[in-house]
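Since the model is a prediction, treat every value here as computed from it, not as a measurement. Residue numbering restarts at 1 for every chain, and letters A, B, ... go by the order of the sequence lines.
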2 protein chains.
Amino acid sequence: MASRSDTKTRILDAAEKLFAERGFSETSLRLITSKAEVNLASVNYHFGSKKELIRAVLARYLDRFMPEASDELMLIKASGDPSLNDIFSSLVKPLLELNKFKVDGTSTFLQLLGRGYIESQGHLRWFITTHYGEHLNKFVKAVAESAPHIPPAEMFWRLHFTLGTVVFTMASADALTEIAQADFNEHYDIEAVIRKVIPYLAAGVAVPVSTQ
Amino acid sequence: MASRSDTKTRILDAAEKLFAERGFSETSLRLITSKAEVNLASVNYHFGSKKELIRAVLARYLDRFMPEASDELMLIKASGDPSLNDIFSSLVKPLLELNKFKVDGTSTFLQLLGRGYIESQGHLRWFITTHYGEHLNKFVKAVAESAPHIPPAEMFWRLHFTLGTVVFTMASADALTEIAQADFNEHYDIEAVIRKVIPYLAAGVAVPVSTQ
DNA sequence: GTCTATATTACGATAGAC
DNA sequence: GTCTATCGTAATATAGAC
């Protein structure tokens with residue numbers, strides 16, 4: 001029989017699930033500790049505050065994802081000039097790897113990321129860019145090199161369009177898959193959604209700049 | 001000297017600004033009534049509850065936007081088979097018209113729409129689709145007709161990707177235009193951003209479905 | 001480290017005088 | 001319609017016993 005995990009882990013596990021489903025501000029410490037079957041006061045003992053718990057939840061995923069995404073990027077760059085599709089697709093394996101870490105790890109991570117960008121008034125954005133900016137820069141540079149016909153200013157806008165697509169889609173992923181299942185009787189898991197969005201993103205980023 | 005607007009309008013005006021900036025659950029009735037300089041109890045007198053206030057805020061924009069968007073769509077369909085670019089472009093005028101209704105009306109509306117889709121657990125989505133479903137269906141149908149090579153289920157996903165792109169971009173438009181100006185010495189207003197995003201959207205929506 | 005108990009603050013909502 | 005006052009609830013956080 002598996003031994004009960006320690007309190008800190010139990011809190012992180014319960015929190016990430018609830019944060020992803022309901023958002024940060026809609027999830028109370030009472031709900032988290034109740035689901036985790038730990039005492040309410042233990043959150044403040046182990047993490048200090050709710051804000052720091054949120055960061056810890058995100059960091060647990062980012063520390064796994066970011067280095068592996070960087071490795072994959074290096075790998076495909078080593079084997080020639082990757083296309084935009086190749087670059088975006090290089091993220092799929094690191095993303096799906098998160099499912100080995102936790103059940104529904106991939107969608108949990110992407111939903112947390114989306115919520116972090118949309119919900120927080122900057123403190124999560126700051127946390128991500130200062131702690132993982134190096135990885136992000138490498139990715140942006142690779143995209144720019146694979147679409148040299150797009151001027152830097154235009155690429156700036158398009159990468160933010162792309163960020164918006166991903167963030168919104170992932171934050172709404174549960175609702176969208178439910179609707180899609182009801183309306184089209186087709187089942188989509190998170191991998192299907194990821195693979196669906198990549199061609200969309202690549203096409204938008206690479207479309208020739210209008211001369212009109 | 002301009003007469004003070006009535007309480008109901010003052011509440012709506014204050015609420016829409018705060019909701020767009022901070023989100024619905026992060027905006028308390030106390031904050032709204034304080035900014036609106038009206039009594040706290042007046043919200044419940046005029047709207048019944050916070051939830052109904054949220055719907056009223058959205059309805060004020062949707063009631064202006066939706067009929068005009070439908071009209072514009074009919075107009076371009078009457079003059080031939082419109083391209084995807086034409087269809088998306090037909091939204092520009094109705095969107096910019098909102099700036100005549102209120103300062104920053106366009107971006108406020110799009111931000112509210114995004115928050116409504118992400119933050120609420122379905123009641124806003126339900127409200128929008130049941131009250132404005134007829135308009136939405138016409139738009140979706142026009143898009144589908146102009147890209148007949150995309151199956152309906154695929155189109156469902158791509159239109160939601162598109163919604164995400166627009167909503168996120170508009171929510172960050174202020175910050176993005178500032179950065180763009182500093183980094184690339186180019187000035188963009190809301191119309192410029194909208195016109196920039198349209199080719200990106202059209203390319204993503206129309207990209208051939210991968211057969212891989 | 002974990003617990004009980006509680007401090008403190010804020011929320012949405014409403015009763016009732018005017 | 002508008003106000004004051006307040007109810008009932010729930011939030012984060014902490015003090016202090018064990």
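- For the pair A/Tyr45 OH and C/dC3 P, the interatomic distance rounds to 13 Å; values are reported in whole Å.
- Remark: A/Asp13 engages A/Arg60 in a salt bridge, criterion side-chain N to carboxylate O under 4.0 Å.
- At least one donor-acceptor pair closer than 3.5 Å links the side chain of B/Arg10 to the backbone N or O of B/Ala36.
- Here A/Ser42 does not reach the OP1 or OP2 of C/dG1: none of its side-chain N or O atoms lies under 4.0 Å away.
- Not less than 6.0 angstrom separates the ring centroid of B/Phe127 from the ring centroid of B/His123.
- One can place CD1 of B/Ile11 at 11 Å from P of D/dG1, the figure rounded to the nearest angstrom.
- Relative ring orientation between A/Tyr117 and B/Phe168 is described as tilted, the plane-to-plane angle lying within the 30° to 60° band.
- With B/Ser90 contributing its side chain and B/Ile87 its backbone, the two residues share a donor-acceptor pair below 3.5 Å.
- Going from atom NE2 of A/His46 over to atom P of D/dA13 covers 16 Å, rounded to whole Å.
- Heavy atoms of A/Ser25 sit nowhere under 4.0 angstrom from any nucleic acid atom.
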* Structure fact -> A correct 5'-to-3' footprint of nucleotides 4-9 of chain C, with B, S and - meaning base, sugar-phosphate only and no protein heavy atom under 4.0 Å, is B-----
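- Residue B/Lys50 places its side chain closer to C/dG12 than to any other of C/dG1, D/dT2, C/dG12.
- Residues B/Glu37 and B/Arg4 are not paired through a salt bridge, judged by the lack of any N-O separation under 4.0 Å between the basic side chain and the carboxylate.
- Applying the 4.0 Å criterion to OP1 and OP2 of C/dA10, one finds that B/Ser28 has every side-chain N and O outside that range.
- A/Lys8 has its side chain within reach of A/Phe47: a pair of non-hydrogen atoms, C-beta onward, lies under 4.5 Å apart.
- Salt-bridge annotation for A/Arg64 and A/Glu97: absent, with no side-chain N of the basic residue lying under 4.0 Å from a carboxylate O of the acidic one.
- For B/Asn44 and C/dT14, the CG to C1' distance is 8 Å, given to the nearest whole Å.
- The distance from atom CG of B/Leu29 to atom P of C/dC11 is 9 Å, rounded to the nearest whole Å.
- The distance from atom CZ of A/Arg10 to atom C1' of C/dT2 is 14 Å, rounded to the nearest whole Å.
- Using a 30° and 60° split on the angle between ring planes, B/Trp126 and B/His131 fall in the perpendicular class, above 60°.
- Against DNA chain C, the stretch residues 51-61 of chain A makes no heavy-atom approach under 4.0 Å.
- Between the CD atom of B/Glu37 and the P atom of D/dC3 there is a distance of 11 Å, rounded to whole Å.
- Between B/Thr7 and A/Phe24, the residue anchored closer to the 5' end of DNA chain D is B/Thr7, taking for each the nucleotide with the nearest heavy atom.
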